[in-house]
Number of protein chains: 2
Amino acid sequence: MPGRPRDERTRSVILRRAADIASLDGLEGLSIGRLATDLGVSKSGLFGYFGSKEELQLATIRAATAVYVEEVVQPALSVPPGLGRVHRLCENWLSYSQRRVFPGGCFFFAVNAEFDARPGRVRDAAVAASLDWTRFVARAVDDARQLGELAVDTDPDQLAFELIAFMETANAVSLLHDDPNAYERARTAIRRRVPLQKSSQGA
Amino acid sequence: MPGRPRDERTRSVILRRAADIASLDGLEGLSIGRLATDLGVSKSGLFGYFGSKEELQLATIRAATAVYVEEVVQPALSVPPGLGRVHRLCENWLSYSQRRVFPGGCFFFAVNAEFDARPGRVRDAAVAASLDWTRFVARAVDDARQLGELAVDTDPDQLAFELIAFMETANAVSLLHDDPNAYERARTAIRRRVPLQKSSQGA
DNA sequence: TCTAAGTACGAACGTTCGTGCTGAGAATAG
DNA sequence: CTATTCTCAGCACGAACGTTCGTACTTAGA
């Protein structure tokens, strides 16, 4: 049973690179031999860290999740609940995608599209991460609603759907058409959909 | 019939199946051996139709484009320009995704996400198809605007971005979370963003 | 009927994939 | 110091990949 007691720092270096590659070529396009060559270690040595390709893929998703939480989620939690947090959340996401924290744009956009029709543990992990994120956005929206900063009859899931749609499409368009305007389009759409300040129609 | 290229009907059967597989597993996950086994022909025989994997991928994109045009674009052209056509376009797209014309949802959503960061002819073809579609939607929106059915200061590219965002995200959410509500969310978002009938705020 | 063209086949090429096994060398315990 | 443990590189394996090749078989035209 290999995989466990190895150097933790080396492991995280491997996984950070794995996430970069996966954002570009997908988690299937990520091959152990190529990753090993890339990092200047042997294929079997790297393999020993994980024990199987599927474990490597799952570990890569966990590592990417940590980056995502640090880049997008955490800094939004430092803002009090309400519209401010909603906007901060969206801006963090757009910045995370635009700055190419992963060279292939949002890691999860790539992986979700790759595994959305392939059963297995990797898909399950991707689905769970996506669900967490969707709920987090909906919660932030609902907080703002309950604080009276959005109309009482606002459907948090519906609004979260629309905000996520703008963000992910900005990511997609920017990558595919190398069009930096995509992010400004998303920002415009978000501003149009969600008021910047508390409106006068609170409950 | 000497001199004729290989049987055109067989070729299109191959490509239709290739598009189905690619919508599920991507154009890289589409392997010649598997496709041949799937269709009950020899690998080399199938290979002879295309000459290289890249040519097979390009031909598959062309075949999928034909399906897309027939399912989404053509029937929208049968309704006169204006808001009606815009709504028809969106509804055709959502129906095409929801009915799983390709078993993995929208073929182009899968392929675009797969190749958005990989240079090459396949990417170029995907980009071109995406650009055509985006312009087609923006044109339909602009037609409606010029007919006075949308506010004169409507930005067609911006609105097209938002509509496409709703549609593609419905496709993604439906696949990943097996959530049929996703399409209704998109329809709700579209109705909210684009009036069903000509409003009173025309130019 | 004979010939030429052309399709589709099986076999095999070299490469890369994921995955085991083995053995050298470093680290650590007594 | 030796003895044990752990890590990683090297090598080999079988399978699958895209691709090439030689060759039966089919068919059109002379």
Side-chain angles (χ1 to χ4, degrees), chain A residues 1-22 24-61 111 114-115 118-123 125, chain B residues 1-19 21-22 24-61 63 111 114-115 118-123 125:
Chain A
M1 323 267 170
R4 283 300 175 61
R6 307 197 179 205
D7 182 39
E8 205 51 52
R9 220 168 57 71
T10 303
R11 194 184 151 96
S12 76
V13 168
I14 293 173
L15 289 175
R16 192 51 176 79
R17 175 84 89 177
D20 280 354
I21 294 176
L24 293 165
D25 295 339
L27 276 172
E28 289 295 338
L30 169 71
S31 88
I32 293 173
R34 184 183 150 199
L35 179 58
T37 304
D38 225 50
L39 293 165
V41 298
S42 75
K43 201 165 69 150
S44 57
L46 190 150
F47 184 81
Y49 276 86
F50 307 101
S52 76
K53 169 143 191 190
E54 192 180 51
E55 279 305 325
L56 167 64
Q57 292 173 323
L58 293 169
T60 302
I61 289 181
V111 167
E114 185 180 7
F115 283 87
R118 302 191 199 192
R121 298 169 62 207
V122 176
R123 181 205 146 98
Chain B
M1 312 171 190
R4 170 191 69 174
R6 289 166 137 91
D7 183 38
E8 205 52 52
R9 226 169 52 72
T10 303
R11 194 185 151 97
S12 77
V13 168
I14 293 173
L15 289 175
R16 192 51 176 81
R17 175 83 89 177
I21 294 177
L24 293 165
D25 295 340
L27 277 172
E28 289 295 337
L30 168 71
S31 87
I32 294 172
R34 184 181 151 201
L35 180 58
T37 304
D38 224 50
L39 293 165
V41 299
S42 73
K43 203 164 65 149
S44 56
L46 191 149
F47 184 84
Y49 275 84
F50 307 100
S52 74
K53 169 142 190 191
E54 192 180 49
E55 279 306 325
L56 166 63
Q57 292 173 324
L58 293 169
T60 302
I61 290 180
V111 167
E114 185 180 7
F115 283 88
R118 303 191 200 192
R121 296 169 63 205
V122 177
R123 180 206 147 97

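So you know, we letter chains A, B, ... as the sequences are listed, proteins then strands, and number each from 1. Below, all heavy atoms of this structure are taken into account, side chains as well, without hydrogens, waters or symmetry copies.
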Spacing between [X] atom [atom1] and [N] atom [atom2], to the nearest angstrom:
X: A:Leu56; N: C:dG18; atom1: CG; atom2: P; answer: 9 Å
X: A:Lys53; N: C:dT16; atom1: NZ; atom2: P; answer: 15 Å
X: B:Arg11; N: C:dA8; atom1: CZ; atom2: P; answer: 12 Å
X: B:Ile14; N: C:dT7; atom1: CD1; atom2: P; answer: 12 Å
X: B:Ile32; N: C:dC9; atom1: CD1; atom2: P; answer: 14 Å
X: A:Glu55; N: C:dG18; atom1: CD; atom2: C1'; answer: 14 Å
X: A:Leu27; N: C:dG18; atom1: CG; atom2: P; answer: 12 Å

Exercise for the section: Return yes if some donor-acceptor pair links the side-chain N/O of A:Arg121 with the main-chain N/O of A:Leu58 below 3.5 Å, else return no. Expected result: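 No; judged by distance alone, with no hydrogens or angles, the pair does not exist.
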Practice task
For A:Glu114 and A:Leu27, indicate whether the former's side chain and the latter's backbone hold a donor-acceptor pair under 3.5 Å.
Solution key: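 A pair under 3.5 Å: yes.
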Practice task
Strictly below 4.0 Å, heavy-atom distances to any atom of DNA chain D: list the hits from residues 37-47 of chain B, or just say none.
Solution key: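 Correct list: B:Lys43, B:Ser44, B:Phe47.
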Handout entry: Short side-chain N/O contact to D:dC8 OP1/OP2 from A:Tyr49, under 4.0 Å
Key =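 Result: yes.
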Could you tabulate the donor-acceptor pairs under 3.5 Å formed by side-chain atoms of residues 30-37 of chain B, not counting sequence neighbours?
from	atom 1	to	atom 2	distance (Å)
B:Ser31	OG	B:Arg34	N	3.2
B:Arg34	NH1	B:Asp25	OD2	2.9
B:Arg34	NH2	B:Asp25	OD2	3.3
B:Thr37	OG1	B:Gly33	O	2.9

Exercise for the section: Applying side chain to side chain contact (heavy atoms under 4.5 Å, CB included), run through A:Phe50 and A:Arg11 and close with a yes or a no. Expected result: CA-CA 9 Å; A:Phe50 307 101; A:Arg11 194 184 151 96; 3.8 Å; yes
Exercise for the section: Begin with the C-alpha distance, continue with both residues' side-chain angles, and end with the deciding distance and a verdict on side chain to side chain contact (heavy atoms under 4.5 Å, CB included) for B:Leu15 and B:Leu56. Expected result: CA-CA 8 Å; B:Leu15 289 175; B:Leu56 166 63; 4.0 Å; yes
Exercise for the section: Mind checking salt bridge (charged side-chain N to carboxylate O under 4.0 Å, His left out) for A:Arg17 and listing every partner two or more places apart, or none if nothing turns up? Expected result: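 Salt bridge (charged side-chain N to carboxylate O under 4.0 Å, His left out) check on A:Arg17 returns A:Asp38.
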